[in-house]
Amino acid sequence: MSQLRLLSSRLGAQATRLLSARDAPGPSWRNRSSGPPAAFPSSRGGGGSSYMEEMYFAWLENPQSVHKIRGHHVAQLDPLGILDADLDSFVPSDLITTIDKLAFYDLQEADLDKEFQLPTTTFIGGSESTLSLREIIRRLESTYCQHIGLEFMFINDVEQCQWIRRKFETPGVMQFSSEEKRTLLARLVRSMRFEDFLARKWSSEKRFGLEGCEVMIPALKTIIDKSSEMGIENVILGMPHRGRLNVLANVIRKDLEQIFCQFDPKLEAADEGSGDVKYHLGMYHERINRVTNRNITLSLVANPSHLEAVDPVVQGKTKAEQFYRGDSQGKKVMSILVHGDAAFAGQGVVYETFHLSDLPSYTTNGTVHVVVNNQIGFTTDPRMARSSPYPTDVARVVNAPIFHVNADDPEAVMYVCSVAAEWRNTFNKDVVVDLVCYRRRGHNEMDEPMFTQPLMYKQIHRQVPVLKKYADKLIAEGTVTLQEFEEEIAKYDRICEEAYGRSKDKKILHIKHWLDSPWPGFFNVDGEPKSMTCPATGVPEDVLTHIGNVASSVPLEDFKIHTGLSRILRGRADMTRNRAVDWALAEYMAFGSLLKEGTHVRLSGQDVERGTFSHRHHVLHDQEVDRRTCVPMNHLWPDQAPYTVCNSSLSEYGVLGFELGYAMASPNALVLWEAQFGDFHNTAQCIIDQFISTGQAKWVRHNGIVLLLPHGMEGMGPEHSSARPERFLQMSNDDSDAYPAFTEDFEVRQLYDCNWIVVNCSTPANYFHVLRRQILLPFRKPLIVFTPKSLLRHPEAKSSFDQMVSGTNFLRVIPEDGAAAQAPEQVRRLIFCTGKVYYDLVRERSGQGLEEQVAITRLEQISPFPFDLVKQEAEKYPGAELAWCQEEHKNMGYYDYISPRFMTILSRARPIWYVGRDPAAAPATGNRNTHLVSLKKFLDTAFNLQAFEGKTF
């Protein structure tokens with residue numbers, strides 16, 4: 001009677017699946033009389049629509065039951081047998097069908113042995129067109145209610161639903177050859193014995209082992225095997241710390257001795273930087289796939305402890321690899337993301353990453369997601385960790401099929417993973433494999449889980465390991481012998497012991513051996529830059545003129561642009577004729593000149609195509625033809641590199657992570673992410689802190705990503721004013737107290753030694769140069785640019801071609817060049833500043849007639865600090881007071897960073913006075929009048945030559 005008790009759930013699930021293929025609604029059951037049901041078709045054959053299909057319409061009358069009681073809800077997914085895989089365990093009593101309730105469906109017990117015509121939309125019959133109701137129930141139960149639970153009926157594509165039905169309903173699909181079973185067993189042996197070996201040798205070390213989900217190793221290898229068979233040549237993986245060492249050893253094939261030596265506390269680091277714990281490191285490896293005998297490149301991306309943060313990074317790297325290969329359909333490069341159940345449901349970046357999956361400039365043409373669902377998050381039960389029935393429900397938003405599978409059934413896991421890989425490479429869409437498993441130990445090997453989950457862990461302690469279960473099964477059926485199984489174990493144990501012996505000889509750790517994104521040929525063989533020089537960043541004037549002409553035109557014929565845009569283009573043409581540029585045109589020329597030199601440029605972010613402030617207009621829109629666009633930047637030269645400019649989803653965390661991953665793939669691309677306002681970058685703070693600021697120190701990973709952060713106090717309120725420069729400067733690694741040696745290569749060497757470069761350019765020409773320098777440097781560093789808002793249209797914020805032509809360079813400091821510079825001994829005050837406030841200072845100085853008494857010097861590069869040039873400027877004006885002026889509040893902005901560095905370079909002989917707004921909690925006021933009053937106050941102080949008399953520093 002067990003089959004009868006689950007009758008509704010079996011047929012309820014199947015009814016929904018079958019009906020999705022129907023184009024027209026069937027007859028309403030509610031309109032039928034309460035008398036006997038429609039005539040049964042005869043035992044074989046019969047005319048008209050089958051009684052089975054009439055039954056399915058009956059179930060449609062109770063949609064709640066159809067959607068709540070499905071095969072996957074009652075499938076046997078938990079290896080421990082104590083939990084439901086989903087949290088929605090309520091089953092309406094009227095759907096628990098027993099003999100006395102068959103009448104509820106107009107059925108009698110005798111009907112179970114009647115045969116019915118099968119609809120063409122099901123595959124449970126195989127070659128048979130009719131089956132008894134009892135056999136229908138049995139086959140549906142076998143397909144949907146055993147160790148595999150399927151969720152796919154929310155997919156609104158009939159072909160895709162039918163494809164999944166065929167893969168799982170067809171009788172006999174899950175048959176494995178003896179060779180496939182033996183391979184699976186060998187992979188399980190390696191997975192489990194690796195963890196056992198680590199546990200024996202380093203019992204008190206954290207390693208975040210895979211015990212309880214050892215099947216993940218053969219699962220990943222099956223996905224890779226199937227993908228390789230279908231043409232994939234490059235697989236990029238992202239995963240958390242649990243099981244990472246096992247993946248490195250048995251999937252990526254990292255040398256075991258290099259893994260084992262990581263446990264040696266006396267191992268010395270040979271590389272610069274601080275390094276990272278062993279279960280965060282990445283790896284890149286090219287090898288032959290033994291199953292397909294084809295070349296495969298595997299890359300496991302290094303990641304922090306911040307769960308799921310690596311997801312968009314992997315997707316960005318995958319997108320870049322596809323782009324450089326011309327693999328627009330994702331037939332050669334794909335990604336696999338491994339997740340934990342609690343993090344998959346709890347971390348918002350998962351949702352952000354999913355929503356990039358089908359966007360034209362972000363899609364990776366499908367990702368295989370593998371969830372290691374050990375039914376617990378550290379110490380938190382699922383019922384406290386999520387509100388959704390499954391941890392995987394977030395994937396439903398992009399119509400990704402979800403395959404739940406009991407991880408103690410290795411063959412079911414392998415079949416599901418093979419189907420998942422085939423789905424991805426057939427439909428180029430995401431798919432989720434939910435490995436329902438358990439965690440044999442605590443969160444880490446030192447943790448005691450019995451404190452919080454006593455019943456679960458009593459069962460886990462009794463649980464027979466999956467390797468023994470599967471080996472016993474294969475031995476019983478004669479696929480392997482006990483001796484062969486024991487020899488396989490002994491063979492791998494011997495491999496581990498030999499590698500352990502070799503690991504003792506290793507005294508030095510080379511982090512670069514764990515690099516996840518090597519750049520062949522960019523550095524020398526030792527991983528060092530090929531030089532410590534940077535060529536001039538200017539370009540020939542004819543190149544500037546040509547780019548200016550294209551930037552002010554529409555390259556396509558019969559393309560009608562907005563009249564307001566016509567005015568902007570005329571303005572660009574006028575500037576080009578006058579050999580001048582504003583901010584937008586300078587950026588255009590930086591990008592265009594790099595494209596001419598073969599450097600791919602990608603600009604991404606919210607509204608970047610037009611620009612938040614309507615200044616960029618890199619994508620023109622035909623005003624009369626919907627969706628017809630033109631990107632003039634891609635019409636500069638016939639053989640130029642491609643330019644990508646793309647509006648992103650309204651996400652910072654996910655999109656910045658994506659662009660960081662994109663920049664990882666190649667050093668020969670300028671990859672930029674622009675925040676809508678600089679204030680909003682803190683939504684992506686995790687990517688900034690864990691990857692951009694520290695990536696090279698932890699993982700010896702260079703990255704040249706550029707962050708464009710609109711910044712400036714202009715009375716627009718506390719969320720539209722500050723890109724928080726103080727945070728970037730606080731994380732800069734240059735030493736404020738170390739007096740540097742000014743060698744010939746000091747400027748470039750200083751850039752090489754820093755963790756990132758922070759600039760606030762005050763001229764379009766300097767912005768042009770810093771973008772080009774980013775590519776011309778012999779290494780890569782992240783570049784943080786505080787970009788202007790009001791300066792985009794400021795009449796004084798323009799540059800001449802003379803500042804951009806061949807032989808010119810980025811100016812780290814722009815010294816005073818007016819009357820004060822002609823007679824420096826007469827100067828009473830030297831004001832240092834950065835960015836937009838310079839123009840406020842110049843206007844105020846002119847208004848007070850102090851051009852000869854007050855000099856103003858701009859710091860364009862703030863970090864690393866230009867010690868040499870600041871020293872020159874200070875020494876040039878020996879009788880002048882030194883002041884730092886900023887528009888930000890005193891506890892924000894730059895003062896806390898520059899002050900100790902000034903003291904170092906001046907040997908503390910002269911003070912550097914502060915001029916600016918008072919300390920505050922919020923970065924800016926929301927009141928226009930308050931903004932103007934505070935601006936006037938600090939400008940008055942800046943030019944009050946008696947302001948600091950009698951004060952001590």
Between Asp311 and His339, is the side-chain contact (heavy atoms from CB on, under 4.5 Å) condition met? List the steps. CA-CA 9 Å; Asp311 295 356; His339 314 268; 3.5 Å; yes
Evaluate side chain to side chain donor-acceptor pair (under 3.5 Å) for Gln463 paired with Asp408, printing each intermediate quantity in order. CA-CA 10 Å; Gln463 191 78 1; Asp408 264 14; 3.1 Å; yes
Take Leu112 and Ile137 through the test side-chain contact (heavy atoms from CB on, under 4.5 Å) and record every step on the way to the result. CA-CA 9 Å; Leu112 292 171; Ile137 294 171; 4.0 Å; yes
Leu248 and Gln258: side-chain contact (heavy atoms from CB on, under 4.5 Å), yes or no, with the steps? CA-CA 10 Å; Leu248 284 165; Gln258 290 195 24; over 6 Å; no
Would you sort out whether Gln375 and Asn373 count as a side-chain contact (heavy atoms from CB on, under 4.5 Å), showing the intermediate values? CA-CA 5 Å; Gln375 306 179 85; Asn373 183 358; 3.8 Å; yes
CA sep, side-chain torsions, deciding dist, call: Lys468, Asp472, salt bridge (charged side-chain N to carboxylate O under 4.0 Å, His left out): CA-CA 6 Å; Lys468 179 169 175 26; Asp472 289 347; 3.0 Å; yes
Using ring pair (Phe, Tyr, Trp, His ring centres under 6.0 Å), reason through Phe168 and Tyr144 one step at a time and then give a plain yes or no. CA-CA 8 Å; Phe168 288 96; Tyr144 295 110; 8.0 Å; no
Worked check of ring pair (Phe, Tyr, Trp, His ring centres under 6.0 Å) between Phe152 and Trp163: CA-CA 11 Å; Phe152 65 95; Trp163 188 92; over 10 Å; no
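Closest approach of Ala407 and Pro79 over heavy atoms only: N-CG, 4.2 Å. Between Asn428 and Gly330, the shortest heavy-atom distance links the atoms ND2-O, 4.2 Å. A pairwise comparison of heavy atoms in Ile124 and Pro171 identifies O-CG, 3.3 Å as the closest pair. Heavy atoms only, all atoms of each residue included: Trp423 and Lys429 are closest at NE1-O, 3.4 Å. Contact detail for Leu435 and Val370: the closest heavy-atom pair is CD1-CG1, 3.7 Å. Here the shortest heavy-atom pairing between Arg166 and Thr170 reads O-OG1, 2.7 Å.
Counting only heavy atoms from C-beta outward, the side chains of Asn303 and Arg244 approach each other to under 4.5 Å. Counting heavy atoms from C-beta outward, Val247 and Ile217 have side chains that approach closer than 4.5 Å. In this structure the side chain of Val432 never reaches within 4.5 angstrom of the side chain of Asp430, judged on heavy atoms. Two residues are said to be in side-chain contact when any heavy atoms from C-beta on lie closer than 4.5 Å; His461 and Met450 meet this criterion. At a threshold of 4.5 Å between non-hydrogen side-chain atoms, the residues Ile475 and Val480 count as touching. Between Asn425 and Lys226 there is no side-chain heavy-atom pair separated by less than 4.5 Å. Counting heavy atoms from C-beta outward, Arg502 and Asp255 have side chains that stay 4.5 Å or more apart. When side chains are defined from C-beta on, Arg242 counts as touching Asn374, because their heavy atoms get closer than 4.5 Å.
Remark: the backbone N or O of Asp516 is paired with a side-chain donor or acceptor of Ser299 at under 3.5 angstrom. Side-chain atoms of Ser228 never come within 3.5 Å of backbone atoms of Ile224 as a donor-acceptor pair (strictly under, hydrogens ignored). In this structure, Tyr457 contributes its side chain and Arg441 its backbone to a donor-acceptor pair below 3.5 Å. The closest donor-acceptor contact from the side chain of Ser418 to the backbone of Met414 lies at 3.5 Å or more, if one exists at all. Looking at Asp393, its side chain does come within 3.5 Å of a backbone N or O of Tyr390 through a donor-acceptor pair. Looking at Ser191, its side chain never comes within 3.5 Å of a backbone N or O of Leu188 through a donor-acceptor pair. When atom types are taken as modelled, the side chain of Arg139 and the backbone of Glu169 share no donor-acceptor pair closer than 3.5 angstrom. Between the side chain of Ser142 and the backbone N or O of Arg138 there is no donor-acceptor pair closer than 3.5 Å. Between the side chain of Arg193 and the backbone N or O of Glu488, no donor-acceptor pair lies under 3.5 Å. Remark: the backbone N or O of Ile460 is paired with a side-chain donor or acceptor of Arg440 at under 3.5 angstrom.
If you take CG on Leu150 and OG1 on Thr143, they are separated by 8.5 Å, rounding to the nearest 0.5 Å. A distance of 15.5 Å separates CZ of Arg253 from CD of Glu286, quoted to the nearest 0.5 Å. One finds the OH atom of Tyr500 at 11.0 Å from the CG atom of Leu198 (value rounded to the nearest 0.5 Å). Atom CG in Leu300 sits 11.0 Å away from atom NZ in Lys254 (nearest 0.5 Å). Rounded to the nearest 0.5 Å, atoms CD (Glu115) and CG (Leu131) are 7.0 Å apart. Taking OG1 from Thr392 and CG from Asp341, the interatomic distance works out to 10.0 Å, rounded to the nearest 0.5 Å.
Classified by interplanar angle (parallel below 30°, tilted 30° to 60°, perpendicular above 60°), the ring pair Phe378/His443 is parallel. Ring-plane geometry between Phe176 and Tyr415 is classed as perpendicular, the angle between the planes exceeding 60 degrees on a 0 to 90 degree scale with a lower cut at 30.
For CD of Gln483, the number of neighbouring non-hydrogen atoms (other residues, nucleotides, ligands) closer than 6.0 Å is 12 at most. For Arg383, the CZ atom counts as loosely surrounded, since its 6.0 Å shell holds 12 or fewer non-hydrogen atoms of other residues, nucleotides or ligands. Counting non-hydrogen atoms of other residues, nucleotides and ligands closer than 6.0 Å to NZ of Lys206 gives a total of 12 or fewer. In this structure, Arg294 places its CZ atom where more than 12 heavy-atom neighbours from other residues, nucleotides or ligands lie under 6.0 Å away.
Within the cation-pi definition used here (under 6.0 Å to the ring centroid, within 45° of the axis), Lys201 does not qualify as a partner of Phe260.
Donor-acceptor pairing under 3.5 Å is recorded for the side chains of Thr479 and Glu477. Side-chain contact check for Gln76 and Asn406: no donor-acceptor pair (N or O, by modelled atom type) lies under 3.5 Å. Between the side chains of Thr318 and Thr364, no donor-acceptor pair of N or O atoms lies under 3.5 Å. For the residue pair Asn365 and Lys331, no side-chain donor N or O sits within less than 3.5 Å of a side-chain acceptor on the partner. Residues Asp381 and Gln453 have side chains that bring a donor and an acceptor to within less than 3.5 angstrom of each other.
Taking a cutoff of 4.0 Å between a charged side-chain nitrogen and a carboxylate oxygen, Lys221 and Asp225 do not qualify as a salt bridge.
Tested against Leu245 for a side chain to side chain contact (heavy atoms under 4.5 Å, CB included), the candidates Arg207, Gln262, Glu195 yield a single pass: Arg207.
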